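The shown structure was predicted, so the numbers you read here are calculated from the model rather than taken from an experiment.
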Amino acid sequence: HETDRDDALVEIEHLLEAQAVDLLFGLTEAQRRTIINFDVDPQNAAPLADVGGPYSAPEASQIGLRAVQSFDAEGAVLNYAWDLDNDGDFDDAVGSNTFVTFDDDGTYPVRVRVTDPAGKFDIATAQVSIINVDPRIDSVNAPGPIVEGDRQDVLVRVTEPGADEIFVDFDWDGDGTYDDLDGRDLQVSHVYPVDGVYQAQVRVRDDDGGQAVRSFEVVVENGAPQVLQLFAPPGVAEGSDFLVNTLASDPGNDPLTYCYDLDDDGAYERCAIDLTEVTARFDDNRSEERRVGKECR
């Protein structure tokens, strides 16, 4: 670039008339590391590589690398070769500009080698800092309502930009405490034994600490109780007391109130919580139809 470049190169040739051991004598290791090897041959100086950077980007995003500031003193057209996977081989890309993508956070070296037509080359290195990206919950599908005692099926759809491992946690009752931790499945089910409306939450975490949280509503309806069996003797003497026993269940284990119609008039005259056994008497001989009812309270 300078009009007096040729004179300067001649001067440099005289300045460098020294043995390498003399140039390094008395220098500390730190000072030696600052010495840059260079080639200022007046016939064909080596090119100077410039890889740009430093670079920074989110994981899994495309990063543009620029080596256009590389320089050749003679203005020759340079060949560019890139080592983007740190294996020492410049076989990953060509051209003064290229793109690279890293799927996980961390710091990665990238190198460019520039070569002039005479075969002289130079190598420059830059660091690419990759930043972790939080996973994203795209949707939570929890079809309902369900009945107490049934399972609530849940399907979570997640986007993880990087190559991170995903962990799934569920807070089924919305109390702020995650009941199921470190799951791997995005399709799960959970039993709700008691009716109610629950503001559940799902949390998705990656192995680098990024996370996303989404709430979803679970509606659990009350389930009707069932009379499983009614026990009474097949026959008794008129005017004699006998027992009537009832076996019943409720899907939500709610307290049951038992009501008995013992005279078949359609009215349940004897009712009480957990009244699974009653005493009855018929004063005249005949075949009687009796009813038992129950309700949850």
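Annotation: the span from D164 atom CG to D105 atom CG amounts to 6.0 Å, rounded to 0.5 Å.
Cluster partners of I63 are V51, Y55, L65, L78, Y80, W82, L84, V100, F102, Y108, V110, V112, V114, V128, I130, counting Ile, Leu, Val, Met, Phe, Trp and Tyr whose side-chain heavy atoms approach within less than 4.5 Å, directly or via other members. L243 shares a hydrophobic cluster with no other residue; no ILVMFWY side chain has heavy atoms under 4.5 Å from its own. Hydrophobic cluster membership for F121: F90, I123 (Ile, Leu, Val, Met, Phe, Trp, Tyr linked by side-chain heavy atoms under 4.5 Å, directly or transitively). Through direct or relayed side-chain contacts under 4.5 Å between Ile, Leu, Val, Met, Phe, Trp and Tyr, F170 connects to I137, V140, I146, V154, V156, V158, I166, V168, W172, L186, V188, Y192, V194, Y198, V202, V204, F216, V218, V220.
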Begin with the C-alpha distance, continue with both residues' side-chain angles, and end with the deciding distance and a verdict on side-chain contact (heavy atoms from CB on, under 4.5 Å) for N141 and S139. CA-CA 6 Å; N141 185 21; S139 65; 5.7 Å; no

Y260 and L275: side-chain contact (heavy atoms from CB on, under 4.5 Å), yes or no, with the steps? CA-CA 9 Å; Y260 295 86; L275 185 61; 3.9 Å; yes

Decide yes or no on side-chain hydrogen bond (donor to acceptor under 3.5 Å, both in side chains) for S249 and Q226, but give the supporting numbers first. CA-CA 5 Å; S249 69; Q226 288 184 323; 4.6 Å; no

Set out, in order, the CA-CA distance, both residues' side-chain angles and the distance that settles side-chain contact (heavy atoms from CB on, under 4.5 Å) for D150 and V191, then state yes or no. CA-CA 6 Å; D150 286 350; V191 175; over 6 Å; no

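With sequence neighbours left out, E217 forms a side-chain hydrogen bond (donor to acceptor under 3.5 Å, both in side chains) with Q199. In this structure, E277 has no side-chain hydrogen bond (donor to acceptor under 3.5 Å, both in side chains) partners at least two apart in sequence or on a different chain. Residues satisfying the side-chain hydrogen bond (donor to acceptor under 3.5 Å, both in side chains) test with T159, not counting sequence neighbours, are R136, D138. D283 meets the salt bridge (Lys or Arg N to Asp or Glu O under 4.0 Å) test with no other residue; sequence neighbours excluded.
For residues 76-104, the set of pairs meeting the salt bridge (Lys or Arg N to Asp or Glu O under 4.0 Å) definition, not counting sequence neighbours, comprises D83-R111. The stretch residues 122-168 participates, sequence neighbours left out, in no ring pair (Phe, Tyr, Trp, His ring centres under 6.0 Å) pair at all. Applying the ring pair (Phe, Tyr, Trp, His ring centres under 6.0 Å) definition to pairs two or more places apart or across chains, those involving residues 223-247 are F242-F282. Among residue pairs with one or both ends in residues 233-249, those qualifying as salt bridge (Lys or Arg N to Asp or Glu O under 4.0 Å) are D241-R281; sequence neighbours excluded.
Checked for salt-bridge contact, R205 and D169 meet the test: a charged N lies under 4.0 Å from a carboxylate O. Ion pairing between a basic and an acidic side chain is recognised when a charged N comes within 4.0 Å of a carboxylate O; D261 and R270 show no such pairing.
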